[in-house]
*Asks:* 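Provided herewith is a single structure, encoded as structure tokens, for subsequent inquiry.
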Amino acid sequence: MKNGSKTEKVTIYLASPFFSDTQVDRVKRVEKALEFNPFVENFFSPRQNQLDEFVFGSKEWRQAVFAQDIKYLENADVVVAVADMDTTIDYHYFDEKKSELLQGTKNELVDTDSGTAFEIGYAYARGIPIVVVHETDKPINLMVSDSLHAYFKNTLELTTYNFMEMPESSYDGEVI
């Protein structure tokens, strides 16, 4: 699919927040669904690639993670994005060193996951199709709803979605 080639499977970049137990559970289910999809050659999940050889939050870590994620985004045939809009970030699962860096922020931050929004925008600007998974009943941002190629309310739908034919489906719910 990349560069007009006729391959039988696609490479996917998985854009998703993973800052709470709910978000981690959701992205793990998406990862599992993509593993079972017969049209997926492989996928890159930033959650699984945090470059632990660097100190979390350090300049070196930020530069390495950014460069890595951009590389995989640019080489993806499709971006699958989790737009769950969970608002409370719970940093309890970070190890002690990371937690020290985030001291005072636990359970206080509200976020619509700017990282996922960036990845969606980057993919859209590069012409990479975006498949959105949105399991909650909360509205999504119109910039997400109107940039997507396909929309799923249930993660299980990803196990059989034909990423080669890329049938379109839209989001018709409430937007913010």
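A quick note: this is a predicted structure, and the numbers were derived from the prediction, not measured. The first residue in the sequence is number 1, and the count goes up from there.
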*Asks:* Are more than 12 heavy atoms from other residues, nucleotides or ligands located less than 6.0 Å from atom OH of Y122?
*Replies:* yes
*Asks:* Can you tell which of E135, K32, R26 makes a side chain to side chain donor-acceptor pair (under 3.5 Å) with T155?
*Replies:* E135
*Asks:* With no hydrogens and no angle check, do the side chains of H134 and Y171 hold a donor and an acceptor under 3.5 Å apart?
*Replies:* no
*Asks:* Got a salt bridge between E31 and K28, using NZ or NE/NH1/NH2 to carboxylate O under 4.0 Å?
*Replies:* no
*Asks:* Say you draw a straight line from CZ of F39 to OG1 of T159; how long is it, rounded to the nearest 0.5 Å?
*Replies:* 11.0 Å
*Asks:* Is the distance from the ring center of Y72 to that of F44 below 6.0 Å?
*Replies:*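 Distance test on ring centres: under 6.0 Å, yes.
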*Asks:* Go through the steps for E74 and Y13 under the test side-chain hydrogen bond (donor to acceptor under 3.5 Å, both in side chains), then give the verdict.
*Replies:* CA-CA 9 Å; E74 289 179 348; Y13 183 94; over 6 Å; no
*Asks:* Report yes if the side chains of V79 and E119 come closer than 4.5 Å at any heavy-atom pair, otherwise no.
*Replies:*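 No; the side chains remain at least 4.5 Å from each other.
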*Asks:* Which heavy atom in R47 sits nearest to a heavy atom in Q50, and how many Å separate them?
*Replies:*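 What the structure gives for the nearest pair is O-CG, 3.9 Å.
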*Asks:* Around E165, counting heavy atoms of other residues, nucleotides and ligands shown, do more than 12 lie under 6.0 Å from its CD?
*Replies:* no
*Asks:* In terms of hydrophobic clustering (I, L, V, M, F, W, Y; side-chain heavy atoms under 4.5 Å; direct or indirect links), are M143 and Y124 co-clustered?
*Replies:* yes
*Asks:* Ignoring hydrogens and angles, tell me if any N or O in the side chain of N37 forms a donor-acceptor pair with the backbone of Y161 under 3.5 Å.
*Replies:*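 Flag set: sc N37 to bb Y161 pair under 3.5 Å.
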*Asks:* Any side-chain heavy atom of P139 within less than 4.5 Å of one from I176?
*Replies:*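 Contact flag for P139/I176 side chains = yes.
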*Asks:* Can you see which heavy atom on P46 is nearest to which on L14, and at what distance?
*Replies:*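 Closest pair (atom of P46, atom of L14, distance): CD-O, 3.0 Å.
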*Asks:* Could you pull out the closest heavy-atom pair between A150 and P167, with the gap in Å?
*Replies:* CB-O, 3.8 Å
*Asks:* CG of N49 to CG of D69: how many Å apart, nearest 0.5 Å?
*Replies:* 8.0 Å
*Asks:* Quick check: closest heavy atoms across V82 and P17, and the distance to 0.1 Å?
*Replies:* O-CD, 3.6 Å
*Asks:* Run the side-chain hydrogen bond (donor to acceptor under 3.5 Å, both in side chains) test on S16 and Q23 for me, step by step, so that the C-alpha distance in whole Å, both residues' side-chain angles and the decisive distance to 0.1 Å come before the verdict.
*Replies:* CA-CA 8 Å; S16 175; Q23 292 171 348; over 6 Å; no
*Asks:* Does a donor on one side chain sit under 3.5 Å from an acceptor on the other, for E168 and Y151?
*Replies:*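 Side-chain D/A pair, E168 to Y151: absent.
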*Asks:* Is V144 reachable from L142 through a run of I, L, V, M, F, W or Y residues, each pair having side-chain heavy atoms under 4.5 Å apart?
*Replies:* yes
*Asks:* How far apart are the closest heavy atoms of S145 and L148, and which atoms are they?
*Replies:* O-CG, 3.3 Å
*Asks:* Do the non-hydrogen side-chain atoms of V40 and F163 ever get within less than 4.5 Å of each other?
*Replies:*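 Yes, close enough: below the 4.5 Å cut-off.
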*Asks:* Using the side chain to side chain contact (heavy atoms under 4.5 Å, CB included) definition, which of the options V78, I12, V80, V10 pairs with F43?
*Replies:*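 Testing F43 for a side chain to side chain contact (heavy atoms under 4.5 Å, CB included) against V78, I12, V80, V10 leaves exactly one candidate, I12.
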*Asks:* Could you grab the distance from atom CG of L51 to atom OG of S58, nearest 0.5 Å is fine?
*Replies:*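 It is 10.0 Å, given to the nearest 0.5 Å.
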*Asks:* Check the orientation of F56 and W61. Use parallel for under 30°, tilted for 30 to 60°, and perpendicular for over 60°.
*Replies:*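 F56 vs W61 ring planes: tilted.
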*Asks:* Verify the distance criterion only: is there a donor paired with an acceptor across the side chains of E41 and T11 at less than 3.5 Å?
*Replies:* no
*Asks:* Looking at P129 and M166, what are the two nearest heavy atoms and their distance?
*Replies:*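 What the structure gives for the nearest pair is CB-CE, 3.5 Å.
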*Asks:* Are F118 and I128 co-members of a hydrophobic cluster defined by side-chain heavy atoms under 4.5 Å apart?
*Replies:*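 Same cluster.
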*Asks:* With the side chain counted from C-beta on, respond yes when K153 and D137 share a heavy-atom pair under 4.5 Å apart, and no when they do not.
*Replies:* yes
*Asks:* So, D25 side chain and D21 main chain: donor-acceptor pair closer than 3.5 Å or not?
*Replies:* no
*Asks:* Is K138 salt-bridged to E174, cutoff N-O under 4.0 Å?
*Replies:*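 Looking at K138 and E174, the cut-off is not met.
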*Asks:* Side chains of I130 and V132: does their closest heavy-atom pair fall under 4.5 Å?
*Replies:*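 Yes, close enough: below the 4.5 Å cut-off.
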*Asks:* Side chain of Q48, backbone of S45: donor and acceptor closer than 3.5 Å?
*Replies:* no
